[in-house]
Amino acid sequence: MKFSAEKIYKYLSNLIPQDKLKHFFWGAVIAWPLVMFMHVISAWFILVFIAIGKELWDVDRGVTEFNVWDAVFSVIPAILFILIKVTQH
């Protein structure tokens, strides 16, 4: 069976919804400076607050219902960055 980059991309894009990937990306953008320049516990709580706040903002504006998985995908990069930072010391 011949695999191509396009087939792999299609498989992965069907596996993880586009919306969750956007939450992961923006979570990474926000988490990186927080984790690098703050205490990890403070960075964690701030990112969780932002992720939940964003979901509540969407509910308030009538865009979507509250989706805990969106918040989880927003916070996953912080977990990865924290693990990297903690293991470096």
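These numbers come from the heavy atoms of this one structure, side chains and all, not from hydrogens, waters or symmetry mates. Remember, predicted model here, so these are calculated numbers, not experimental data.
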Under 3.5 Å, which donor-acceptor pairs link side chains of residues 54-64 to any protein atom two or more places apart or in another chain?
from  : atom 1 : to    : atom 2 : distance (Å)
Lys54 : NZ     : Asp58 : OD1    : 3.4
Lys54 : NZ     : Asp58 : OD2    : 2.4
Glu55 : OE1    : Asn67 : N      : 3.4
Asp58 : OD1    : Arg61 : NH2    : 3.2

Practice problem: Just jot down the ring pair (Phe, Tyr, Trp, His ring centres under 6.0 Å) partners of Trp69, sequence neighbours excluded, or say none. | Solution: none
Quiz prompt | Residue list, ring pair (Phe, Tyr, Trp, His ring centres under 6.0 Å) with Phe73, at least two apart or on another chain | solution = none
Quiz prompt | Residue pairs, two or more places apart or on separate chains, that pass salt bridge (Lys or Arg N to Asp or Glu O under 4.0 Å) and touch residues 27-46 | solution = none
May I ask whether [X] and [Y] are part of the same hydrophobic cluster, defined by side-chain heavy atoms of I, L, V, M, F, W, Y residues being less than 4.5 angstrom apart, directly or through others?
X	Y	result
Leu80	Phe37	yes
Phe49	Ile46	no
Val68	Ile52	yes
Trp32	Phe24	yes

Self-check item: Phe45 atom CZ, over 12 foreign heavy atoms within 6.0 Å
Solution: no
Quiz item: Members other than Trp26 in its cluster, when Ile, Leu, Val, Met, Phe, Trp, Tyr link by side-chain heavy atoms under 4.5 Å?
Solution: Phe25, Val29
Practice problem: For Ile30, enumerate each residue passing the side-chain contact (heavy atoms from CB on, under 4.5 Å) test, keeping only those at least two apart in sequence or located in another chain. | Solution: Leu34, Leu47, Ile50
Quiz item: Between Val40 and Phe81, does a side-chain contact (heavy atoms from CB on, under 4.5 Å) hold up when you go through it step by step?
Solution: CA-CA 9 Å; Val40 292; Phe81 296 151; over 6 Å; no
Practice problem: Identify the two heavy atoms, one from Pro77 and one from Ala31, that lie closest to each other, and give their separation to 0.1 Å. | Solution: C-CB, 4.5 Å
Self-check item: Counterpart residues, salt bridge (Lys or Arg N to Asp or Glu O under 4.0 Å), relative to Lys20 (two or more places apart)
Solution: Asp70
